[in-house]
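A quick write-up on the structure given underneath.
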Number of protein chains: 2
Amino acid sequence: MYSHELFHTLHQLSRQLTNKLNEALKPFGLFNAQWAVIFVLNKRGSLTQKELCDYLFVEAPPMTRTIQRLVKQGYVKQVPGIDKREKHVQLTQEALKLYPEWENAVNKVNQGLLKHFPSASQEELSKLQKSWLHQLL
Amino acid sequence: MYSHELFHTLHQLSRQLTNKLNEALKPFGLFNAQWAVIFVLNKRGSLTQKELCDYLFVEAPPMTRTIQRLVKQGYVKQVPGIDKREKHVQLTQEALKLYPEWENAVNKVNQGLLKHFPSASQEELSKLQKSWLHQLL
DNA sequence: ACAAATTAATTACCTAGGTAACTATATTCC
DNA sequence: GGAATATAGTTACCTAGGTAATTAATTTGT
């Protein structure tokens, strides 16, 4: 019964990566969860909070909090939709200006984390993870 | 640059598994992090909190909290060591009595989570994860 | 032998993410 | 058209895990 070990290793790996990313984002006053939102908004433009939740597979309450912190920092604005329940979230000019710098830092740390992990292994790992995840959902 | 995707999938996978485990533990009034401690204590007997931290790669403060909850529930006791700074943590009779039931529930949910994921893939995934994790530490 | 440095555990405070309950707006269904 | 239902977002409260600072006990170094 080594399923325990599999789960344990996965959990630890996830935590280590999160910690390293947070460390790299610290100089910019950003955290992991905020970066995830910023990254998606930069790629997709304007999204409702529901759409962000669905995309990132996160429940609504933590998303509300993450967005509120980003609003307070001036990196995101909430625009009321035609459907008045919805809030369309988008990056501010300030965030768009700083984005390349952030992405650069993130890419650099990601590259460092993968440096000694062969790209064939990365491919294989990515494939296995996606396959398992899709079965779970 | 699909490192983003690799990290994102890993993070989500970890969260999904944690959620499923928590769901399975709910009837017993236990949570994921508590189970990790109980599992190790059952295997290893008595350990100091420091040893538990090292084994589970968790910082001391969250470990203190997890143990305090287990003490309150009557599943764990803290025995002062010869080195008076240390606290040796061990399962209570109550916990030892209930352990098989808990393990059974956990094994069942783990089995369910891995059901449609071929065991060759499990092996491969486990190998890749461990290899990457050891490079990071 | 005693001052300085180290270590185990705790406390306070932060982010991350989960559920349950609530509010306000939209949609459905007689 | 109006009552019932569903949906988007928020609030309150829980566990999980991180850092920084604190306390008490032990070990080191002179």
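We name chains A, B, ... by the order of the sequence lines, and we start the count at 1 in each one.
Minimum interatomic distance between A:Ser14 and B:His11 (heavy atoms only, all atoms of both residues): OG-ND1, 3.6 Å.
Within 4.0 Å (heavy atoms only), B:Thr18 reaches no atom of the nucleic acid at all. Within 4.0 Å (heavy atoms only), B:Gln78 reaches sugar-phosphate atoms of the nucleic acid but no base atom. Within 4.0 Å (heavy atoms only), A:Gln12 reaches no atom of the nucleic acid at all.
If you take CD of A:Glu86 and P of D:dT10, they are 12 Å apart, rounded to a whole angstrom. The CG-C1' distance, from A:Leu52 to D:dA8, rounds to 13 Å in whole Å. Computed from coordinates, the A:Met63 CE to C:dT15 P distance equals 16 Å when rounded to whole Å. If you take NZ of B:Lys50 and C1' of C:dT6, they are 12 Å apart, rounded to a whole angstrom. Atoms NZ (B:Lys87) and C1' (C:dT10) sit 8 Å apart, rounded to a whole Å. In this structure, CG of A:Leu21 is placed 16 Å from P of C:dT15, rounded to the nearest angstrom. Between the CD1 atom of B:Ile67 and the C1' atom of C:dT10 there is a distance of 12 Å, rounded to whole Å.
The side chain to side chain donor-acceptor pair (under 3.5 Å) pairs that include a residue from residues 128-137 of chain B are A:Glu5-B:Lys130, where partners are two or more places apart or lie in different chains. Counting only residues at least two apart or on different chains, the side chain to side chain donor-acceptor pair (under 3.5 Å) pairs with a member in residues 54-67 of chain B are B:Lys43-B:Tyr55, B:Lys50-B:Asp54.
Between A:Gln68 and D:dG9 there is no side-chain N or O to OP1 or OP2 distance below 4.0 Å. Here B:Thr64 reaches the OP1 or OP2 of C:dT10: one of its side-chain N or O atoms lies under 4.0 Å away.
Side-chain contact check for A:Gln49 and A:Glu86: no donor-acceptor pair (N or O, by modelled atom type) lies under 3.5 Å.
Applying the side chain to side chain contact (heavy atoms under 4.5 Å, CB included) criterion to A:Lys20, with sequence neighbours excluded, gives A:Leu113. Looking at residues two or more places apart in sequence or on another chain, you find a side chain to side chain contact (heavy atoms under 4.5 Å, CB included) between B:Glu123 and A:Tyr2.
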Protein proximity profile, nucleotides 16-26 of chain C - base contact B, sugar-phosphate-only contact S, no contact -, cut-off 4.0 Å on heavy atoms: SBBBB----BS

What side-chain donor-acceptor pairs closer than 3.5 Å can you find for residues 23-37 of chain A, not counting sequence neighbours?
{"residue": "A:Gln34", "atom": "OE1", "partner": "A:Phe31", "partner atom": "N", "Å": "2.8"}
{"residue": "A:Gln34", "atom": "NE2", "partner": "A:Gln73", "partner atom": "OE1", "Å": "2.7"}

